[in-house]
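Report on one structure; see the data block that follows.
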Amino acid sequence: MTGAGLKGRGVMRISTWNVNSIKQRVGHLTAFLGEAKPDVVCLQELKCQDESVPRAEIEAAGYRVETLGQKAYNGVALLVRRPLALTEVRRGLPGDEADVQARYIEGLVAGEGVAPVRVASIYLPNGNPVASEKFPYKLAFLERLRRHARALMDAEVPLVLAGDYNVIPDPEDAADPEAWREDALFRPESRAAFRSLLAEGLTDALRACDPRAGVYTFWDYQAGCWPRNQGIRIDHLLLSPQAADRLVSASVQKHLRGLEKPSDHVPVTVELLDG
DNA sequence: ATGCCTCCCAAAGGGAGA
């Protein structure tokens, strides 16, 4: 038996995936659940309301589902593989009561013989165009996330902040960094805010496990970006010290970008010791 | 290149994404 079962001392697999419409991608999603058997999945860009999420298919694959949906845009979810439990679900990122965009859901994952882990699914604002109100909204969201991460980390429960950050951390995370120079994903302000988040003591799991250049998680649908491997790394799993101590591996499920009707993002998965 | 592609809503083409 693999994954976080009843015995513990195995690994817990946690994946993040921007599916670009849960209704369009439910087939790819259930195939991924069946083949990768992640214990927790953080989804972004559901692009539908809670009642339209194809819950039955996901539950039939063996998962509990908690969502924060929104009509047409945004939307995030946490999937937890039974018999693991998901409690203390929080919807929305604190720090701005006026923010109605569905971009954050967190919960506590626990099971018999499995050390509890707090997991968040995050869909950070894109922030373009930089001259619009969208860019300061993005930067403010990153600052709210930093403050909330600090508060959560005080509890010293292993914490995984996973999602589509819409931030290219470093030039080696883009095939053509010069093309992104003025973009909200790569602007110095965005990168600095991301670094401030890391400076709270978080570890970029994929960077830690695979420091090479050219590890991407997104390829634009346009201009043959996928066949030309013109990708960027913007989907991240950030680990608190207690989670980083348990880190075994981090990997990108790149093959899913080659399917028919793919998302433009692919899953990223970490394995953490579960006991 | 204000594009290129995909998805949304809504019933055509505009908005959003990154």
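Each chain gets a letter, A, B and so on, in the order the sequences are listed, and its residues count up from 1. Only this structure's heavy atoms are used, side chains among them; waters, hydrogens and symmetry mates stay out.
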Query raised in the report: What distance, rounded to whole Å, do you find between the two P atoms, one in B/dC9 and one in B/dC4?
Result: 23 Å
Query raised in the report: Going by distance alone, is a donor N or O of one side chain under 3.5 Å from an acceptor N or O of the other, for A/Ser121 and A/Glu106?
Result: no
Report summary line: Walking DNA chain B from its 5' end, the first of A/Pro125 and A/Ile22 to be reached, judged by nearest nucleotide, is A/Ile22
**Report entry** Plane angle bin for A/His236 and A/Phe194 - parallel if under 30°, tilted between 30 and 60°, otherwise perpendicular
**Finding:** tilted
Requested in this report: Could you measure between the two C1' atoms, the one in B/dA12 and the one in B/dC7, and give it in whole Å?
Outcome: 15 Å
Requested in this report: Classify the nucleic acid contact of A/Lys138 as base, sugar-phosphate or nothing, counting any heavy atom under 4.0 Å across all strands shown.
Outcome: nothing
Report task. Would you please test A/Ile14 and A/Glu271 for side chain to side chain contact (heavy atoms under 4.5 Å, CB included) and show each step? Result -> CA-CA 6 Å; A/Ile14 304 174; A/Glu271 293 183 314; over 6 Å; no
Query raised in the report: Between the main-chain N or O of A/Gly95 and the side-chain N or O of A/Arg147, is there a donor-acceptor pair closer than 3.5 Å?
Result: no
Query raised in the report: Closest nucleotide of DNA chain B for A/Lys134 versus for A/Tyr221: which of these residues is on the 5' side?
Result: A/Tyr221
Requested in this report: Please measure how far the C1' atom in B/dG3 lies from the corresponding atom in B/dG14, and state the result in whole Å.
Outcome: 16 Å
Query raised in the report: Taking the side chain from A/Arg144 and the backbone from A/Pro94, do they hold a donor-acceptor pair closer than 3.5 Å?
Result: yes
Report task. Measure from NZ or CZ of A/Arg103 to the centre of the six-membered ring of A/Tyr123, then state whether that distance is under 6.0 Å and the direction lies within 45° of the axis. Result -> yes
Query raised in the report: What does A/Asn166 touch in the nucleic acid at a heavy-atom separation under 4.0 angstrom: a base, only the sugar-phosphate, or nothing?
Result: sugar-phosphate
Query raised in the report: If you look at every strand shown and take non-hydrogen atoms under 4.0 Å, does A/Tyr123 touch a base, only sugar-phosphate, or nothing?
Result: sugar-phosphate
Side-chain donor-acceptor pairs of residues 151-169 of chain A under 3.5 Å, sequence neighbours excluded:
from, atom 1, to, atom 2, distance (Å)
A/Asp164, OD1, A/Asn166, N, 3.0
A/Asp164, OD2, A/Asn18, ND2, 2.9
A/Tyr165, OH, A/Leu161, O, 3.0
A/Asn166, ND2, A/Leu124, O, 2.9

**Report entry** Pairwise C1' distance for B/dA10 and B/dG15, with rounding to whole Å
**Finding:** 13 Å
Requested in this report: Determine the contact category for A/Asn18: base if any of its heavy atoms lies under 4.0 Å from a base atom, sugar-phosphate if only primed atoms, P, OP1 or OP2 are that close, otherwise nothing.
Outcome: sugar-phosphate
Query raised in the report: Expressed in whole Å, how much space separates the P atoms belonging to B/dA11 and B/dA1?
Result: 35 Å
Query - DNA chain B: 5'-most and 3'-most nucleotides touching chain A, 4.0 angstrom heavy-atom criterion - result: B/dC4 to B/dA18
Report task. May I ask you to say what A/Asp164 touches in the nucleic acid, namely base, sugar-phosphate or nothing, with a heavy-atom cut-off under 4.0 Å? Result -> sugar-phosphate
